[in-house]
Amino acid sequence: MSYLRKSNPMVASFHKYLCIANCLIALLVAPAFAEEPFPGGWKAVSPRNEIRPDFSFDASGGSDKSGSLVITHDAREGLDGHFRKEFPVVGGQSYQFEALRKTVNVKSPRRSALVRVLWQDASDHMVPADVPEWQVKQLGHTPTAEPNHPVDGDTDDLGWTTVTGLYRAPSKVTRAIVELHLQWAPEGQIEWSNVVLKQCKPISKRPVTLATIHFKPSGKSPLANCEEYATLIADAAKQHADLVVLGETVPSVGVKSAPHELAESVPGPTTEYFGKLAKKNHLHIVVSLYERDAHLVYNTAVLIDAEGKLIGKYRKVCLPHGEVEKGIAPGNDYPIFQTSFGKVGLMVCYDGFFPEVARELSNRGAEVIAWPVWGCNPLLARARACENHVYVVSSTFMASNQNWMNSAIYDQTGEPIATASDWGTVAVAEVDLNQPYVGPYNLGDFRSMIPRHRPSSTGN
């Protein structure tokens with residue numbers, strides 16, 4: 001071959017260009033770690049050089065002008081890169097992550113401008129997640145500790161968004177890898193500054209006892225319907241319930257009057273009555289009723305706190321044709337309510353047939369969704385809980401043998417962990433809202449992944 005190159009210029013030329021091509025291919029497939037001397041030990045990384053964005057450091061950037069790490073995309077689609085740094089950590093300890101982020105021309109910061117925290121041992125391997133023993137037995141293996149995804153907080157007047165996360169490091173971890181990303185943002189730019197991962201006080205448990213009542217009122221009168229729940233609510237209180245969910249349109253069930261004739265204001269007689277029961281039994285109550293607001297009537301779920309005060313209301317968004325034909329108006333918002341134990345969202349009956357309602361409640365931070373529901377496919381109850389990794393508490397008027405909805409408490413995997421099957425009974429379950437469910441294979445804490453991974457079809 002050496003002789004051919006010397007004696008044949010065409011062969012020599014071909015060999016020259018072949019070498020150049022091989023070098024280019026090697027560059028494209030090589031790990032894209034940059035050796036630039038970025039301050040603080042940060043490295044620039046891209047999955048492949050052909051989708052590598054530009055990395056730089058602005059010494060006068062950042063919210064406090066102390067410097068910022070900058071990633072800039074050109075006009076091409078699909079560029080992807082991040083800054084990466086290793087932090088020493090101690091297994092079993094709790095850590096607070098904080099960073100500030102500012103984006104320019106990034107269409108979906110939720111998806112494109114994210115942080116990942118990876119947990120590794122000294123050999124650069126992923127470590128097992130710390131999960132309950134029952135889960136290991138159920139799965140037949142211990143899930144790995146997948147990356148965590150800190151969440152976006154408030155944005156100040158200058159465009160700096162706080163990104164935070166609070167985590168308990170897996171017991172076998174020795175280091176955390178922090179990644180500051182900008183991905184899929186043509187002509188976009190991001191600045192990262194004030195990045196901190198520090199040990200903090202231990203994350204405490206946040207237990208809450210959820211309850212549902214399986215009962216259908218007699219229909220003697222609106223007030224009688226409400227009063228028939230009194231002993232059942234007292235039963236829930238004896239079982240230390242923090243939140244109890246009742247059925248749909250309780251005051252009007254079985255009463256021979258049209259919804260608009262029974263509709264009342266909120267606050268009004270029904271919220272006042274259940275407010276007294278909530279205060280007496282020191283628990284939160286969710287119940288649905290027909291609400292009148294001027295000329296409009298809504299199917300409204302209300303949340304009353306343990307002091308008997310009305311925290312807020314949700315107006316049913318998805319209406320079946322039966323309610324539309326009666327002149328019921330749809331709601332148009334998905335409020336989330338902060339309670340003494342956590343964030344609660346509400347939905348009503350037909351809402352459960354549509355994934356958008358529970359997803360929007362989850363998007364806005366709901367940890368528990370309370371669901372007064374006349375009847376629904378019970379598979380959808382499981383789906384709404386599982387797809388959002390939230391607790392769902394349903395209360396239905398359907399008999400258990402009809403297999404068309406259950407009065408139950410569904411956990412983050414969609415499993416009914418407590419069910420009230422007999423009429424006039426209460427089901428309760430204690431859960432820990434600070435204990436995420438870590439799924440098998442690559443799911444990890446799926447609830448933390450949803451904001452970063454869900455599609456942008458809604459424009460956000």
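All values below were derived from every heavy atom in this structure, side-chain atoms included, with hydrogens, water molecules and symmetry-related copies excluded.
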Inset, instruction - Given side chain to side chain contact (heavy atoms under 4.5 Å, CB included), test V106 with I190 step by step and report yes or no. - result: CA-CA 8 Å; V106 176; I190 191 168; 5.5 Å; no
Inset, instruction - Test Q120 against H125 for side chain to side chain contact (heavy atoms under 4.5 Å, CB included), laying out the working first. - result: CA-CA 5 Å; Q120 296 183 350; H125 296 144; over 6 Å; no
Inset, instruction - Take H389 and Y437 through the side chain to side chain contact (heavy atoms under 4.5 Å, CB included) test and state the conclusion after the steps. - result: CA-CA 8 Å; H389 272 219; Y437 179 83; 3.8 Å; yes
Inset, instruction - Take D54 and I71 through the side chain to side chain contact (heavy atoms under 4.5 Å, CB included) test and state the conclusion after the steps. - result: CA-CA 6 Å; D54 179 70; I71 306 175; over 6 Å; no
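Inspection of the S56 and D58 side chains reveals no N or O donor paired with an N or O acceptor under 3.5 Å. Judged purely by distance below 3.5 Å, without hydrogens or angles, the side chains of E248 and N299 pair a donor atom with an acceptor atom. Residues T72 and Q189 bring a donor and an acceptor atom of their side chains to less than 3.5 Å of each other. Remark: the R359 side chain and the N388 side chain contain an N/O donor-acceptor pair separated by less than 3.5 Å.
Side chains of L139 and W134 form no contact here, defined as non-hydrogen atoms less than 4.5 Å apart. Contact annotation: the side chain of F97 approaches that of V178 to within less than 4.5 Å [non-hydrogen atoms, C-beta and beyond]. Side-chain atoms of L283 and L277, non-hydrogen and from C-beta on, never get closer than 4.5 Å to each other. Side-chain contact check for M405 versus S394: some heavy-atom pair is nearer than 4.5 Å. For the pair Q135 and P143, the minimum side-chain heavy-atom distance is below 4.5 Å. You'll find the side chain of Y95 stays beyond 4.5 Å of the side chain of K198, heavy atoms only. With a 4.5 Å cut-off on side-chain heavy atoms, R116 and N148 do not count as touching. Using a 4.5 Å heavy-atom threshold, the side chains of L210 and V368 count as touching.
Annotation: Y298 is not in aromatic contact with Y290 [ring centroid separation under 6.0 Å not met]. Separation of the H82 and F55 ring centroids does not fall under the 6.0 Å cut-off. In this structure, H284 has its ring center under 6.0 Å from that of F341.
Within a 6.0 Å sphere centred on NE2 of H240, heavy atoms belonging to other residues, nucleotides or ligands number 12 at most. Applying the 6.0 Å contact sphere to NE2 of H453 captures more than 12 heavy atoms from other residues, nucleotides or ligands. In this structure, N332 places its CG atom where only 12 or fewer heavy-atom neighbours from other residues, nucleotides or ligands lie under 6.0 Å away. Crowding of Q402 atom CD: a count of heavy atoms from other residues, nucleotides or ligands under 6.0 Å exceeding 12.
Between D445 and R447 there is no salt bridge, since no side-chain nitrogen of the basic residue lies less than 4.0 Å from a carboxylate oxygen of the acidic one. Using a 4.0 Å cut-off between charged side-chain N and carboxylate O, R48 and E50 make a salt bridge. Using a cut-off of 4.0 Å between Lys/Arg side-chain N and Asp/Glu carboxylate O, E360 and R364 are scored as salt-bridged.
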Contacts table for residues 162-174: side-chain donor-acceptor under 3.5 angstrom, sequence neighbours left out:
from	atom 1	to	atom 2	distance (Å)
R168	NH2	I203	O	3.0
S171	OG	D130	OD1	3.0
T174	OG1	A122	N	3.1

Using residues 61-70 as the side-chain source, report each donor-acceptor pair under 3.5 Å to any protein atom, sequence neighbours left out, with the distance given to one decimal.
from	atom 1	to	atom 2	distance (Å)
S63	OG	N194	OD1	3.4
D64	OD1	S66	N	3.2
D64	OD1	S66	OG	2.6
D64	OD2	S66	OG	3.4
D64	OD2	N194	ND2	3.1
S68	OG	E191	OE1	2.6

Review item, side-chain donor-acceptor pairs of residues 420-432, under 3.5 Å, at least two apart:
from	atom 1	to	atom 2	distance (Å)
T425	OG1	D422	O	2.5
D432	OD1	R206	N	2.8
D432	OD1	N434	N	2.9

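Panel note: side chain Y229, backbone F215; a donor-acceptor pair is recorded below 3.5 Å. A donor-acceptor pair is defined here as one N or O able to donate and one able to accept, closer than 3.5 Å; no such pair exists between the side chain of R382 and the backbone of E415. The backbone N or O of G81 lies less than 3.5 Å from no partner atom in the side chain of S46, so there is not a single donor-acceptor pair. When atom types are taken as modelled, the side chain of R452 and the backbone of P150 share a donor-acceptor pair closer than 3.5 angstrom.
Scanning both residues, W371 and V348, for their nearest heavy atoms gives NE1-C, 3.7 Å. Here the shortest heavy-atom pairing between L197 and A176 reads CD2-CB, 3.7 Å. Of all heavy-atom pairs spanning P355 and E387, the tightest one is CB-OE2, 3.7 Å.
For residues 390-422, the set of pairs meeting the ring pair (Phe, Tyr, Trp, His ring centres under 6.0 Å) definition, not counting sequence neighbours, comprises W374-F397.
A search for side chain to side chain donor-acceptor pair (under 3.5 Å) contacts involving D235 returns Q239, not counting sequence neighbours. Taking F353 as the reference, Y350 meet the ring pair (Phe, Tyr, Trp, His ring centres under 6.0 Å) condition, with sequence neighbours excluded.
Between the CG atom of D333 and the CD1 atom of I336 there is a distance of 9.5 Å, given to the nearest 0.5 Å.
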